[in-house]
Amino acid sequence: MSNFLNLRHNVLPGFRLSFGITLFWLALIVLLPFAALLYSTAGMGWDNFLSTVSSERVLLSLRLSFLTAGLAAVINLVFGFLVAWVLVRYPFPGKRLVDALVDLPFALPTAVAGIALTSLYAPNGWVGQFLAPLGIKVAFTPLGIIVALTFIGLPFVVRTVQPVLEDLEKELEEAATCLGASRWDIFRRVIFPAALPSLITGGTMAFARATGEYGSVIFIAGNIPMVSEIAPLIIVSKLDQFDQQGATAVALVMLGISFVFLLLINLIQRWASRRHGAGH
Amino acid sequence: MADLTTESRPVRYALTGIALVFLFLFLLLPLISVFWEALQKGWALYLSALTEPDALSAIKLTLISAVIAVPLNLVFGVAAAWAISRFEFRGKSLLITLIDLPFAVSPVVAGLMFILLFGANTVAGGWLQDHGLQVIFAVPGIVLATVFVTFPFVARELIPLMQSQGADEEQAAIVLGASGWQTFRKVTLPKIKWGLLYGVILTNARAMGEFGAVSVVSGHIRGETNTIPLHVEILYNEYNFVGAFACASLLALLALVTLLVKSMVEWNLQRQQQASTLRTAEARLQAQAAQP
């Protein structure tokens, strides 16, 4: 096995054991279920697959999922960058507490986030009561989905951009200032280009997570077919009707799209590290 | 001299203000509202919502699945991090990608995969059912789904940490005659304990809070296959808001503890790093002083 793996000589023991455990657990928990998915796809037939995926209700749900995930990602790019910037650059009281709070969406179960946001944005909720007179309905509309997905995605952007901003060399900004550049020029020409790769990575991660999100969305969405029904919910309702093939078809389309995004993240990271390396 | 690399005071205040208002509206307010709604009708109702039989059985099931899933993924995570960070072998980046796979999959799709694998009408599921083990719509399925969604956490936390620490100290221990286990227990474990703790606490938070994947495989049998998040959903859909938010507040408390531990871990890691840079610098100075 060590020949096949091209294992380099090392005085440390435990490779066989640790590699064995890793491979065994990976095969059992991750690879086997994926194999089951592929196996049942193979038995489905192309026509069956196509007719399921191209039904209007499925197409609309896919469009809704990706559209709301995209809009939430854009909101998170703007506010995530702002939060990261403020946390890195400006002193204010309670900063450590605020910094810890940013990770809340990672730690709070999605169902809890879902019911909390719904109660806030319902027409009689703490926030909803101020929006209702303006004619803005959030809960039980696609707007509510965007709110939930913004909540879920925020830490992805902040936590990828923050370390990059921390590592920025102040000398560059000082030099630019001495050469007569305004703060806005420096932001546009020095800071933003340096942070851009991390913004793209964080935004893509938030987007990818949001497309598959279920728990926080189903409470606030209202789940009206063709209007506020997301793609993961289509899978669940197909399963409830014992339509495993239909559920599998929709799942495949979603998986395909998220793999494209995973690939994209990898390419961006490679491109960014190359660019970063060239700068030195 | 004024700092050349910062904005004017009004700009600073305005940006900080916008960021804080955004965080208040999107993060803090939902958190506060959970406890507010839970305690709205008083402590008596809150406590009775938590102690009714269905809630207790949901709490029990949540604890069971976490107690099984967390240690399993802990062992796996340490093994994976040891193999990946301490050895060079072909296919390593593929292995890392595969470990990350559960993060890229919608929880609902994860649940679906286990139904396709172990459902009553599948080969494996049928065989297991004939031998008296029901997986889907039963506890084993819930545990499997939980293990799947929490699979990468410990490994993800440990791999970069152990890679950055390097293997010099372990190699020294081995060369000096320590056994593999001794090296791991006395050299590696103290170095990675904070990262390990954080990985475990994240795994636990996700294991207890997972909704989508568990919801698909659970079958929602009250008092039998409901975890706390699923119980929250049922109560909420029955308009029992106090009950729903009471159970949700347990999970929100768990989230707060998770954040607290995370902050502690980060602080300790920082201190550890500073101490080790300091030691290196001191050693270098002493070495220089010793030179004639």
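Protein chains get the first letters and strands the later ones, always in sequence-line order, with residue 1 at the start of each.
- Proximity to chain B involves both the backbone and the side chain of A:L32, based on heavy atoms less than 4.5 angstrom apart.
- Contacts between A:W126 and chain B at a heavy-atom distance below 4.5 Å involve the side chain alone, from C-beta outward.
- There is a side-chain donor-acceptor pair under 3.5 Å between B:N73 and B:T150.
- Contact annotation for A:A208: neither backbone nor side-chain heavy atoms come within less than 4.5 Å of a heavy atom of chain B.
- Counted by atom type alone, A:Y90 and B:E7 present one or more donor-acceptor pairs between their side chains at under 3.5 Å.
- Using a 4.5 Å cut-off between heavy atoms, A:V250 does not touch chain B at all.
- Proximity to chain B (any heavy atom under 4.5 Å) is shown, for A:L108, by both the backbone and the side chain.
- Of the atoms belonging to A:V83, heavy atoms from both backbone and side chain fall under 4.5 Å from chain B.
- Residues that satisfy the ring-ring contact (aromatic ring centres under 6.0 Å, His included) test with B:W181, not counting sequence neighbours, are absent from this structure.
- With a 4.5 Å cut-off on non-hydrogen atoms, A:R96 touches chain B through its side chain but not through its backbone.
- Both the backbone and the side chain of A:L104 have a heavy atom closer than 4.5 Å to some heavy atom of chain B.
- The aromatic rings of B:F153 and B:F103 stand perpendicular to each other, their planes meeting at an angle above 60°, with 30° marking the opposite boundary.
- In this structure, A:F34 and A:F259 have tilted ring planes: the angle between them lies in the 30° to 60° band.
- Qualifying side chain to side chain donor-acceptor pair (under 3.5 Å) partners for B:E233, counting only residues two or more places apart in sequence or in other chains: none.
- Between chain A and the options B:N237, B:L230, B:I84, B:L20, the largest number of non-hydrogen pairs under 4.5 Å is found for B:L20.
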